[in-house]
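Everything on this sheet refers to the single structure shown next.
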Amino acid sequence: MGNRTTAVGHHILPLKVYLGVGAALIVLTAITVTVSFFNFGPYNLLVAMVVAAIKASLVALFFMHLKYDSKLYMIIFVAAILFLAVFIIFTLFDTLLRGDVEPITA
Amino acid sequence: MSQTAGHPSFLQHHFSDAEQQRESAKLGMWIFLLTEILLFGGLFCAYAIYRSWNPEIFHNAHVHLNVYLGTLNTVVLITSSVTMALAIRSMQLGRRTATLRFLAVTLALAAVFLVIKYFEYSHKIHLGQLPGKFYTYDGIAGTNPHIFFSVYFLMTGLHGIHVLAGMATIAWLVVRTSRNVFSSEYYTPIEMTGLYWHLVDLIWIFLFPLFYLVG
Amino acid sequence: MNNLPSSSYLNRPQGIKSWLLTLDHKRIGLLYLFSVMTAFALGGVFAMLILLELLSPGREIIDADTYHQFFTLHGAIMIFLFIIPSIPAILGNFVLPLMIGARDVAFPRLNLASWYVYILGSLFALYSIIAGAVDTGWTFYTPYSVETTTSVISMTLGAFILGFSSIFTGLNFIVTIHKLRAPGMSWFKMPLFVWGLYATAIIQVLATPVLGITLLLLIIERVAGIGIFDPAMGGDPVLYQHFFWFYSHPAVYIMILPGMGIISELISVFSHKKIFGYKAIAFSSLGIAFVSFLVWGHHMFVSGQSELAAMIFSFLTFFVGIPSGIKVFNWVTTMYKGSISLEAPMLYALSFLFLFTIGGLTGIFLGALSVDVHLHDTYFIVAHFHYVMMGGTVMAFLGGLHYWWPKIWGRMYSEKWARVAVALIFVGFNVTFFSQFILGSQGMPRRYYNYLDQYQPLHAFSTFGSWILGLGFIVMAIYLIHSLFKGRPGGANPWGALTFEWTTSSPPPHENFAEIPRVEHGPYDFDRVTAKSTLGETI
Amino acid sequence: MMDTTGSTFLPPGQSTIAGEVDALFNFILYASTVLFAVVIALTIYFVIRYRRRGAVAATSGKDHNIKLEIAWTVIPTILIIIVFIWGFKTYLKMSIVPRDAIEIKVTGQKWFWAFDYPEGVNTVNELVVPVDKPVKLLMSSKDVIHSFFVPNFRIKMDVLPNRYSVTWFEATATGEYNLFCTEFCGTGHSEMIGKVRVVSEREYADWLEAGAVSGEGLSLEEFGAGLYTSKACVTCHSVDGSPGTGPTFKNKYGIRQVMQGGSSVPVDENYLRESILNPNARVVAGYAPVMPTYQGVLKDREIDALIAFIKSLQDSTGNSGE
């Protein structure tokens, strides 16, 4: 993929990349919708999240240029996801495991 | 655009060169996107907790969402992301008319997205599938079925507000592009709006399965 | 006598409009100074009234509801309007660009916007005082904050808007530190105050959005009753506490980290000795910034959260204490074989060491699960956070304010009166708050308007202390304002420090430096470089 | 388990867990005092010893010492791990309720505590328990979050609406101890103080016995007067005509009372019964609808006694309407 650069050195992606990524996103959407019609129990959530994560990373890497820009922006993006994950997981530590040690029965 | 030697008009006094200004703007934008991710993160956490507490309500209620409209909206938003990226690319190449065309298409697609959202909302309001004490619909089993719609309206509502803000910014870009403010050396505002728009699309990419597909 | 540089950022350009629409980081720092210190005075008045009321059980000067409104307003004003913006927005705005050899922050317009957003947020918050005040405590715990008839919405809306001001400042500082450092200033040649501001900015940017969404949900809950926190409708009040403390614990590190940055500067400059363990201090700032996001559950040990979550939060809470301990040891070791001069900034730094160590160590009591069950929501907690916030951040802020006073105004404050004020504040603080440790561990719950007679002596003792403390602040206000007009010129470098802000004139010109300086030595290389104090000579 | 005598920092501990909590409290206290003393002594010594006299002295450039830095990182880490494990072990003991505990239901509501004992006896603001027997408290709130705190037993647990929370204690000495609410709950938060009365096992059984059929030997009015205080009516309704959060009971029976919304209602048995069980149905004009319902707190016999008591509050000169 020949990346031409502008006068001031910013690289420009060829048209093929944008259209290719766009098509991939739509295909993935189709996949995740069709999968949702079958009932795999808890795996439905897992599959949906994996597909969403793939789509999200496609958008981030190509459309938002994370693949070509300095690592700093990738660190910021990943940090946001990590801190969000910490927030959700630690809160779930509490909400899912209430009454485990001392069952609270009325 | 006056092009004085070595000190182009768009360069602010406290930056040593255009590159430093552009990189600073991008770093600032990425940090702003980080705050957006954490803002929505709070609602994703609420979703995770309420879904873990009453999975059956979430499952029963999600059936009442129109998957086709949701899928259509996802495709609309993905396409608008593509046209936004192409708008940036064409300004990088200095093609002003192409940029205007792509920006206009992105704006139109955003409007389509909101219109579809409007139909979904009005349908729910009509049925009474609303959050909290406004919930009057009785087709869903479970003790507090309105919880699903509380989280649904909170997340899609906040996302909709961000789509509106994006549309306003893109409209402002269209005006400035037509006034020939941007060039292949200076297109930072378009790039920043592009980053913001891609994040709005990214958040919808997660909202769509969580509500419409899995529930 | 009055031979200050004829033109500086203070008088060039002129006119009120040039101040209200300024993009100069130094002037924005001053705008913040006036508005934040007014908020501090207002919060202080509420504090004095609260302790006056607690002089004896039963009604002293106000009734129960008014008392509840006073302690809520004291908490909310002191936290959202004073202590979070105080060091980053006043001293950070003024000193950061000077310290890294830049002409301004990365986004000057965003910087001015952050001040206007601060003013807008403050107006909403202060409007709540008139419109029936707020009586929920600064934590706005649901379901009480949803059902009370006081103006919770205007205060929470105020705090929501103030959150944006905090995000703007944090964002601005991160980009400034990354992109605008002078040539030759690598990450480990930056002053430690800049490291403190950097770690603070990271927390501001990562934590404040969650406060935004929490307060937004609370306002929606009050207005539309969607039941997200209402237990009767499937919601959960403990979820509100999780959301609230996910922001509010990192917020206490937003308050202390810039203070620690100042203390590193003061101890090194006034001991005239290279800071001990520069990298240890820098990395412990970042360490605190990240670990602070993992410990919020220790505010909720008795709130009915699961025992496993309590164990995890207690375990991680102890690890957030270690970096703070390392910093204190590094500061004390810096003074070893130094050449220590005891001007006011150093006295504030030493009282910071004394008070913050007590505050930090009492945190160990609250981290241990079984002891926290007894101490939670008692006066022990009130004493703990005043020792860390007032004994820590406010002491560091006052030390920094005195340290950079000659740089900001070009004039010195009166050293004699400053020492009087430090003594009054130090004694008054300990009398006021050490008695509250004993009150709390004896079982006196916090936020009590009326209390049992057995606690009366300690309450009275605490109230006397607050009068000494109040006097100390009044003395300080007087001599600082007096120094604006009558203070003798401080010169470019009154303390003989080595960081960049002391290389330009005081008060500095509009564009900070004639030309961007190059870094020749580390910020604390007192062993190799000596800058002669310009205190004696006249310019 | 011996109960601990009080120290400057801690009130006397009269529960099995108090000993362990105080032991950890004192360990941390002594360790912190030693650490604090070292830091402050060094600081004072350095300030005196290396005080700048006259010109600035040259100072050394030594800015790190790996051994020292590792030492002051590892030692505190070991100390805090000890404190963490000790604290967690005691906390587990506090959380796990012994199987043979007496179960008492606690209901926190705006500004008083209601206790329901196994034999159907219930009291307000007074928890009577036998000594040396584990007592399990099953707690929930009727309105906002309260918090059940007995300093002498070193126990505290939030009381949440629509949810049960559990705590337990085993008192080791008879006597009367304070019970506080430690989660801010509105105007009367600081009035929400109760008593925990620890009695001998036999005395507890007798009290329980007497309480179950309480009021046998008393006339209805006397029994009603007892309930007037024990069920905390006194906090809002006066009997001498003086104003309070709720209307006074004096000279109320039989008169017509103007309600919110203008309708006037005769104050008779069923209005009083309805106001006790469903207070916000018809609220007297000029008063806030803050009275909690006594549904399930009062038995029928107790409601009759209260009504009889209110009826007895007439001036001898016949009823003078308000």
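Every chain is numbered from 1, with letters handed out A, B, ... down the list of sequences.
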Test item: B:His146 side-chain N/O and C:Gly234 main-chain N/O as donor-acceptor pair under 3.5 Å
no
Under 4.5 Å to a heavy atom of chain C? For B:Leu38 that would be both
Count the heavy-atom pairs under 4.5 Å between each of C:Ala207, C:Pro108, C:Gly227 and chain B, then report the option with the highest count.
C:Pro108
Under 4.5 Å, heavy atom to heavy atom, which residues of residues 173-184 of chain C contact chain B?
C:Ile174, C:Val175, C:His178, C:Lys179, C:Leu180
Distance from B:Ile147 atom CD1 to C:Ile226 atom CD1, nearest 0.5 Å?
8.0 Å
Of the listed residues (C:Ala224, C:Gly212, C:Pro97), which shares the most heavy-atom pairs with chain B below a 4.5 Å separation?
C:Ala224
Tell me, for C:Asp236 versus chain B, whether the close heavy atoms (under 4.5 Å) come from the side chain, the backbone, both or neither.
both
Which one of C:Leu171, C:Thr214, C:Val210 has the most heavy-atom pairs closer than 4.5 Å to chain B?
C:Leu171
Region of C:Ala232 that comes under 4.5 Å of a non-hydrogen atom in chain B:
backbone
Assess the residue pair B:Thr35 and C:Thr208 against the criterion (side-chain contact (heavy atoms from CB on, under 4.5 Å)); give the C-alpha distance rounded to whole Å, side-chain angles, the decisive distance to 0.1 Å, and a yes or no.
CA-CA 8 Å; B:Thr35 61; C:Thr208 317; over 6 Å; no
Can you tell me how far apart CG (C:Leu206) and CG (B:Leu34) are? Round to the nearest 0.5 Å.
5.0 Å
Are there over 12 heavy-atom neighbours, none belonging to B:Lys117, within less than 6.0 Å of that residue's NZ?
yes
State which residues pass side chain to side chain contact (heavy atoms under 4.5 Å, CB included) with C:Val117; sequence neighbours excluded, sorted by chain then number.
C:Ile161, C:Phe164, C:Ser165, C:Phe168
Answer with side chain, backbone, both or neither: which region of C:Ala102 has an atom nearer than 4.5 Å to a non-hydrogen atom of chain B?
neither
Under 4.5 Å to a heavy atom of chain B? For C:Ile167 that would be side chain
If you check every heavy atom in residues 150-158 of chain B against those of chain C, which residues fall under 4.5 Å?
B:Ser150, B:Leu154, B:Leu158
Shortest non-hydrogen contact from B:Cys45 to C:Phe243?
SG-CE1, 4.0 Å
Heavy-atom closest pair, residues C:Phe229 and B:Tyr50
N-OH, 4.5 Å
For C:Leu217, which atoms come within 4.5 Å of any heavy atom of chain B: side chain, backbone, both, or neither?
side chain
Applying side-chain hydrogen bond (donor to acceptor under 3.5 Å, both in side chains) as the test, list every pair that has at least one member in residues 103-118 of chain C; sequence neighbours left out.
C:Tyr32-C:Ser114, C:Ser35-C:Trp115, C:Asn93-C:Asn111
Mind ranking C:Val105, C:Ile516, C:Asp230 by heavy-atom pairs under 4.5 Å with chain B and telling me who comes out on top?
C:Val105
Engaged part of B:Phe134 at the chain C interface, taking heavy atoms whose separation is under 4.5 Å
side chain
